[in-house]
K.L.:
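Got a structure for you, written out below as C-alpha cells; questions coming shortly.
The model shown is predicted, which means the values in this text are computed figures rather than measured ones.
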Amino acid sequence: MTTQPIGLVPGPRRPDLAAELTHCLDVAREHWQRLARQPATAFPAGLGPGRHTDYRNAQVLGRLIGDYGWPDLLLVGQDAAKAAYLIALHADPRRDIQVAAMREMHQAVRRGTASMRDWVHLHDRVLCADGAPQVYGTQHQLGPDGIPVRLPVRDPEELDVRRREVGLPPATEALAALRQRLAAEPTSRSAADDPPTANLTVAA
C-alpha cells in the first residue's frame with residue numbers, strides 16, 4: 001500500500017498541541033540519543049528516568065489521540081506530527097497507547113495526512129514487541145559489541161520488494177547507513193532523525 005507524497009500544507013489548526021508535542025520531543029532527545037549507542041543488555045527495559053519520560057510522553061500522546069485522533073499534518077503541522085510519531089515509537093512502557101497510535105496513524109496515512117515511511121517503522125516495532133517477525137525490516141537490536149543486527153523478518157526473500165513499495169531503500173543499504181550513523185559522534189538534534197531506544201533501533 002502506498003500513499004501520494006505529502007506536499008506543503010497550511011499552518012496547523014492547533015498550534016498549542018503542536019507546541020506540547022515538540023516540547024515532549026525536546027525533553028526525550030538526550031535520553032534517546034544515549035540509549036541509541038548502548039547494547040541491549042546495558043539498560044534493562046523500564047528502568048531509569050528516561051523510561052519515565054517515555055511513559056509520560058506516551059500519556060500525552062494517548063490523551064491527544066483520545067481527543068483528536070492521530071495528531072496529523074493538518075492538526076499539528078509537520079514538525080509536531082513527526083514528534084508524535086517518535087513519541088509513539090518510544091511508547092514501549094504504554095503498549096496500549098503504542099498500539100492505538102499505530103492504528104490511528106494508519107488511518108491518517110490512508111487520508112494522506114501522515115507519513116507511510118514513519119508508519120511502517122511503528123508497525124514493525126509493535127510486531128517485534130509482540131515477539132512476531134517484522135514486515136519491513138526497520139527494527140534492529142544492538143549486540144554486546146554495539147553493532148546493530150536486524151530482528152527477524154517475515155518472508156525475508158521479499159523484504160526489499162516490500163520496502164520499495166513504501167519508499168524505503170534496500171535493507172542492506174539501510175543497515176550500513178544505520179551502523180555508520182551510530183558510529184558517528186552524536187549531534188544535538190540527531191536523535192530526532194535517529195530515534196532508537198534501549199533495545200530496538202530504527203533504520204530509515
Side-chain angles (χ1 to χ4, degrees), residues 12-109 113-115 117-131 138-142 182 186-202 204:
R13 295 199 304 262
R14 292 296 303 269
D16 55 325
L17 303 182
E20 186 173 14
L21 286 166
T22 54
H23 172 72
C24 288
L25 176 62
D26 288 341
V27 171
R29 262 200 192 100
E30 183 179 351
H31 157 60
W32 294 346
Q33 198 171 69
R34 182 179 67 255
L35 294 185
R37 290 162 173 81
Q38 294 291 336
T41 56
F43 285 87
L47 297 183
R51 300 302 278 174
H52 293 298
T53 297
D54 290 341
Y55 186 93
R56 289 194 302 269
N57 285 353
Q59 288 183 303
V60 170
L61 180 61
R63 172 174 53 82
L64 296 185
I65 289 173
D67 290 344
Y68 304 99
W70 180 252
D72 63 6
L73 291 168
L74 298 179
L75 184 69
V76 298
Q78 185 168 355
D79 289 345
K82 185 74 169 183
Y85 149 69
L86 293 174
I87 290 166
L89 197 69
H90 292 79
D92 305 294
R94 285 298 306 269
R95 290 279 296 137
D96 56 329
I97 294 174
Q98 191 174 59
V99 171
M102 179 192 69
R103 292 171 178 166
E104 291 294 325
M105 188 178 183
H106 185 253
Q107 295 303 313
V109 169
T113 60
S115 165
R117 285 176 61 123
D118 289 346
W119 178 81
V120 300
H121 288 79
L122 181 56
H123 181 251
D124 273 356
R125 188 171 188 85
V126 168
L127 289 174
C128 289
D130 287 340
T138 63
Q139 301 299 298
H140 300 72
Q141 189 172 60
L142 299 184
L182 293 181
T187 61
S188 60
R189 294 185 62 85
S190 65
D193 299 315
D194 173 21
T197 62
N199 296 324
L200 298 177
T201 187
V202 174

K.L.:
Looking only at non-hydrogen atoms, find the nearest pair between Ala108 and Trp70 and report the distance.
P.N.:
CB-CD1, 3.8 Å

K.L.:
Can you tell me how far CE of Met102 sits from CZ of Arg95, rounded to the nearest 0.5 angstrom?
P.N.:
8.5 Å

K.L.:
With Arg63, which residues qualify under side chain to side chain contact (heavy atoms under 4.5 Å, CB included), at least two apart?
P.N.:
Glu20, Val60, Asp67

K.L.:
Just verifying a value: how many Å separate Gln59 CD and Arg56 CZ, rounded to the nearest 0.5 Å?
P.N.:
9.0 Å

K.L.:
Taking all non-hydrogen atoms of both residues into account, name the closest pair between Pro71 and Leu64 and its distance.
P.N.:
CG-CB, 4.4 Å

K.L.:
To the nearest 0.5 Å, how far apart are CG in Leu25 and NZ in Lys82?
P.N.:
10.0 Å

K.L.:
Nearest 0.5 angstrom please: His90 NE2 to Leu122 CG, how far?
P.N.:
11.0 Å

K.L.:
Looking at Gln98 and Ala88, what are the two nearest heavy atoms and their distance?
P.N.:
NE2-O, 3.0 Å

K.L.:
If I compare all heavy atoms of Pro12 with all of Gly77, which pair ends up nearest, and what's the gap?
P.N.:
CB-N, 3.4 Å

K.L.:
For the pair Trp119 and His106, name the ring-plane relationship: parallel under 30°, tilted 30 to 60°, perpendicular over 60°.
P.N.:
tilted

K.L.:
Look at Asp26 together with Arg29 and state whether they make a salt bridge at an N to O cut-off of under 4.0 Å.
P.N.:
yes

K.L.:
To the nearest 0.5 Å, how far apart are CG in Leu89 and NE2 in His121?
P.N.:
8.0 Å

K.L.:
May I ask you to test the Val126-Asp130 pair for a side-chain heavy-atom distance under 4.5 Å?
P.N.:
yes

K.L.:
Taking all non-hydrogen atoms of both residues, which atom of Ala18 and which atom of Val76 are closest, and how far apart?
P.N.:
CB-O, 3.2 Å

K.L.:
Counting only heavy atoms from other residues, nucleotides and ligands, does the tally under 6.0 Å from CZ of Arg103 exceed 12?
P.N.:
no

K.L.:
Can you name the closest pair of heavy atoms from Ile87 and Cys24 and give their distance?
P.N.:
CD1-CB, 3.7 Å

K.L.:
Does a side-chain heavy-atom distance below 4.5 Å link Asp92 with Arg125?
P.N.:
yes

K.L.:
State, yes or no, whether a side-chain contact exists between Arg94 and Leu61 at a heavy-atom distance under 4.5 Å.
P.N.:
no

K.L.:
Got a second to check how far Leu73's CG is from Arg13's CZ, nearest 0.5 Å?
P.N.:
11.0 Å

